[in-house]
K.L.:
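Pasting a structure here, questions to come.
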Number of protein chains: 2
Amino acid sequence: MTEQRGPDRGSTGDPEGGGPGEPAHGRAAGRGADRGRVVPEATVARLAVYLRVVTVLGGQGAATVSSDELAAAAGVNPAKLRKDLSFLGSYGTRGVGYDVHLLVEEISRVLGVTRHRNVVLVGVGNLGRALAGYGGFASQGFTIAALFDADSARVGEKINGLAVQDMSVLAASCRTAKVTIGMIATPAEAGQQVCDQLIAAGVTCILNFAPIVLSVPDGVDVRKVDLAGELQILSFHERRKSAGLEEVG
Amino acid sequence: MTEQRGPDRGSTGDPEGGGPGEPAHGRAAGRGADRGRVVPEATVARLAVYLRVVTVLGGQGAATVSSDELAAAAGVNPAKLRKDLSFLGSYGTRGVGYDVHLLVEEISRVLGVTRHRNVVLVGVGNLGRALAGYGGFASQGFTIAALFDADSARVGEKINGLAVQDMSVLAASCRTAKVTIGMIATPAEAGQQVCDQLIAAGVTCILNFAPIVLSVPDGVDVRKVDLAGELQILSFHERRKSAGLEEVG
DNA sequence: AACGGCTTGTGAAGACTTGCACAAAGTCGG
DNA sequence: CCGACTTTGTGCAAGTCTTCACAAGCCGTT
Ligand SMILES: NC(=O)c1ccc[n+]([C@@H]2O[C@H](COP(=O)([O-])OP(=O)(O)OC[C@H]3O[C@@H](n4cnc5c(N)ncnc54)[C@H](O)[C@@H]3O)[C@@H](O)[C@H]2O)c1
Ligand SMILES: NC(=O)c1ccc[n+]([C@@H]2O[C@H](COP(=O)([O-])OP(=O)(O)OC[C@H]3O[C@@H](n4cnc5c(N)ncnc54)[C@H](O)[C@@H]3O)[C@@H](O)[C@H]2O)c1
C-alpha cells in the first residue's frame, strides 16, 4: 500500500493483468489509438527518455529515425525500443523507420503531456530554490504554478517571478489551478505532514525529494528522488569493481 | 555499452550469470561474510532504503527489528525484504528479528559505505549550489571533496566553505583525493564533455543531472536523475487515472 | 510488376523479480 | 527441559521484463 517508485521500479501489483504474452496483434486497431493497450511500467520510464531524444533529433532536422538510431541515442537495445514503441500502436514504417514528428506526438499523448500541467512545490529552501528556478520543467510541459513554505520569513519572497505562499492557502490554490502534481522539498521531518496536506488538497501524484518513505492512500502515486541513495548504489558498484583486487585467490 | 541506470533500472547484461535459481543454500558460509554471493541490482537499490530506515530505528532506541516492522517502514513486502537481506548472509535471529546495529553494519559493508567516499561536483549553478550545500551526503558517508566550474567568474567563489576550482585542475585534484565518484550538474550541452573529462581523471561512477544520455566506456557506471522525466511518468499515471472518466463506454 | 534491400512488429525463449507458504530455528514461560 | 509461539530463510510458482530471431511490410529500382 506504499511501495515508492524510485531508482528501482517496484511493482505495486497493478490491478491490470495481462503482459507481453498477450495476443497483442489482432487487438488494438492497427494504426489507430492504443485503445485498451497496457503500457508496462518499465516502458513508461523509457518513453520519457525517447521523447527527449527524438525531440532533439527533430530539432536537428531529421524527418525519420530508425529503431537502431534511436536506440543508440537513448542507450537501449533496439528490440526493446521497438517493443516499447509498439505499445503506442504501429507508428513506424517498415523499411523506413519512425516519423520523428509523429513519434513526438504519440509519445506525448501516451505520457499525457500534450497539454501543460500545473505543479506545486512545497519547501523553498536550498533545493526548492533550484527547482523553482529551473527552466527545464516548462520545456517539457510542466509549469510550477505555486510555491509554498512554512517559514513565514520566506512567505512573500519572489523566486523567478513567483511569490512564495503560506501553507494555509495550499488547498485553495491547488484546487483553483487544478494542480494534481506536487513536489516535496522540505526537510525529512516535515515530509509526511506536507504529503498529507497535498493529498488533502487534491494532489494525486507526488515527487518526493525528502529522504523518507511516504505513506499514501491507494490511488496516489509517489516517486522519490533519493540522491544519497543513488550515491550508495554507485558506491556498491565501485566496491564490486575494486573487489577483484583483494579477492584474487 | 551505454544503458544508463536511472528511474528505471535497465540491465547492461552484466558478465555475471547466475541468478536466484542458484543453489543458494549450501554455499555462502551460514553466518559469515557473503563471499561469492551475487546481490541482484534490484536488491541493491532497496538496500539503500533499508539502511536509512534501520538507521532511523536505531536512533530511536530500537535494538532489534522484525522483517515485518522493517518492511512496513521501508514500504516493501516482508518476504522481499527477507530475501534481500539474505543476500548479505544470515544476520537475523529466528523468533526475534534483526539486530539493528549489526544490520546497519552489514548493509553498509555491502554497499561499500563503511568508510567515507570522496565525490566531486562539476557545475556550480542553480542546482550545483544546492547540492554543494546539502548536508545529507555527509551523513550518508559521502564527502564533496571539490567543486568545479568552467565559468571563470565562479572559480574561487566559496560555497559552504569549499572553493570552486577551475576545470584545468580537475584531473590532478581527483587523483590526489582518490575520487571515483563524480556528479554532473552542468547544462546538457556540456554534459558529455564533462563526463569524458571525469573519466579521464579516473572517475568510474557518475551521477548525472543533465538531461542527456551519456556514453561511457565499459567499466564506468552511470546513474541519471531526470526530474522532468519523473514528472512525465507521474503525468502518465495521472492521465491513466482520469482516463476512466472519458472512456466509460 | 516483380525483386532486393531494409526496417518494423512480435512470437517465443530466457532472465530476472516478486510473493507465498512453510520448514527450520530460536525465544520465553512454565 | 519442554512445548508453545515467533520470526527467519528459502523452495517454488507466478509474474514481469529483456532479448533474439524472423516473418511481414514498405520503398525504390529495374
Ligand atoms: N539540497 C540538496 O541538494 C538536497 C539533495 C538531496 C535531497 N535533499 C532533500 O530535500 C529536502 C530539502 O532540502 P534543502 O536542502 O532544500 O533543505 P532546506 O532546509 O534548505 O529547505 C527546507 C525548506 O522547507 C521549509 N519547510 C520546513 N517545514 C515545512 C513544512 N512543514 N511545510 C512547508 N515547508 C516547510 C523550510 O522553511 C525550508 O524553506 C530535504 O529533505 C533534503 O534531505 C536536498
Ligand atoms: N536547477 C534544477 O533544479 C534542475 C533540475 C533538473 C535538472 N537540472 C539539470 O541540471 C543541470 C544544471 O542545472 P542548473 O539549473 O544548475 O544550470 P545552471 O546554468 O544554473 O548551472 C550550470 C553550471 O555549469 C557550468 N558549466 C557550463 N559548462 C561547463 C563546463 N563545460 N564545464 C564545467 N562547468 C560548466 C556553468 O558555468 C554553470 O555554473 C542542467 O543540465 C539542468 O538541466 C537542473
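Throughout, protein chains are lettered first and strands after them, A, B, ... in sequence-line order, and every chain is numbered starting at 1. Quick note: numbers below take in every heavy atom, side chains included, and nothing from hydrogens, waters or symmetry partners.
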K.L.:
Could you grab the distance from atom CG of A:Leu57 to atom OG1 of A:Thr64, nearest 0.5 Å is fine?
P.N.:
10.0 Å
K.L.:
Starting at atom CG of B:Asp68, determine the distance to atom P of D:dT8, rounded to an integer number of angstrom.
P.N.:
7 Å
K.L.:
Give every residue pair that meets the salt bridge (Lys or Arg N to Asp or Glu O under 4.0 Å) criterion with at least one member in residues 50-62 of chain A, sequence neighbours excluded.
P.N.:
A:Arg52-B:Asp226
K.L.:
Treat primed atoms plus P, OP1 and OP2 as sugar-phosphate and everything else as base, then score nucleotides 25-30 of chain C 5' to 3': B for base contact with protein heavy atoms under 4.0 Å, S for sugar-phosphate contact only, - for none.
P.N.:
BSS---
K.L.:
Can you see if the side chain of B:Tyr98 gets near the phosphate of D:dG9 - specifically, an N or O under 4.0 Å from OP1 or OP2?
P.N.:
yes
K.L.:
Taking the side chain from B:Thr114 and the backbone from B:Arg109, do they hold a donor-acceptor pair closer than 3.5 Å?
P.N.:
no
K.L.:
Among the candidates C:dT18, D:dC17, D:dT7, find the nucleotide nearest to the side-chain atoms of A:Glu41.
P.N.:
D:dC17
K.L.:
Return the value, rounded to whole Å, for the distance between atom CG of A:Leu88 and atom P of C:dT10.
P.N.:
12 Å
K.L.:
Looking at residues at least two apart in the chain, or sitting in another chain, which of them share a side-chain contact (heavy atoms from CB on, under 4.5 Å) with A:Ala63?
P.N.:
none
K.L.:
Looking at D:dT7, I'd like to know if its phosphate oxygens (OP1 or OP2) sit under 4.0 Å from a side-chain N or O belonging to B:Ser67.
P.N.:
no
K.L.:
Starting at the 5' end of DNA chain D and moving along, which residue's nearest nucleotide shows up first, A:Thr43 or B:Arg82?
P.N.:
B:Arg82
K.L.:
Provide, to the nearest angstrom, the distance between the CZ atom belonging to A:Phe87 and the C1' atom belonging to D:dT18.
P.N.:
11 Å
K.L.:
Could you pull out all residues at least two apart from B:Asp99 that satisfy salt bridge (charged side-chain N to carboxylate O under 4.0 Å, His left out)?
P.N.:
none
K.L.:
Using the side-chain hydrogen bond (donor to acceptor under 3.5 Å, both in side chains) rule, collect all pairs that involve residues 188-200 of chain B, keeping only residues at least two apart or in two chains.
P.N.:
B:Gln192-B:Asp196
K.L.:
Under 4.0 Å from OP1 or OP2 of C:dT17: is there any side-chain N or O of B:Asn77 that close?
P.N.:
no
K.L.:
In whole angstrom, what separates A:Leu81's CG from C:dT10's P?
P.N.:
14 Å
K.L.:
Figure out the CG/C1' separation between B:Leu102 and D:dT8, and round it to whole Å.
P.N.:
14 Å
K.L.:
Taking only the side-chain nitrogens and oxygens of A:Arg46, find out if one of them lies under 4.0 Å from OP1 or OP2 of D:dT18.
P.N.:
yes
K.L.:
Ignoring hydrogens and angles, write down the donor-acceptor pairs under 3.5 Å from the side chains of residues 206-213 of chain A, residues two or more places apart or on other chains.
P.N.:
from: A:Asn208; atom 1: OD1; to: A:Ala210; atom 2: N; distance (Å): 2.9
from: A:Asn208; atom 1: ND2; to: A:Ala210; atom 2: O; distance (Å): 3.1
from: A:Asn208; atom 1: ND2; to: A:Ile212; atom 2: O; distance (Å): 3.2

K.L.:
Give the rounded distance in Å between these two atoms: CG of B:Leu103 and P of D:dT8.
P.N.:
11 Å
K.L.:
For D:dT7, take OP1 and OP2 only and decide whether either is under 4.0 Å from a side-chain N or O of B:Tyr91.
P.N.:
no
K.L.:
Please report the distance, rounded to the nearest Å, between CD in A:Glu106 and P in C:dG9.
P.N.:
12 Å
K.L.:
With distance as the sole criterion, do the side chain of A:Lys83 and the base of D:dT19 form a donor-acceptor contact below 3.5 Å?
P.N.:
yes
K.L.:
5'-most contact on DNA chain D: A:Ala79 or B:Ala79, nearest heavy atom basis?
P.N.:
B:Ala79
K.L.:
Please give, in whole Å, the distance from D:dT7 P to B:Leu85 CG?
P.N.:
16 Å
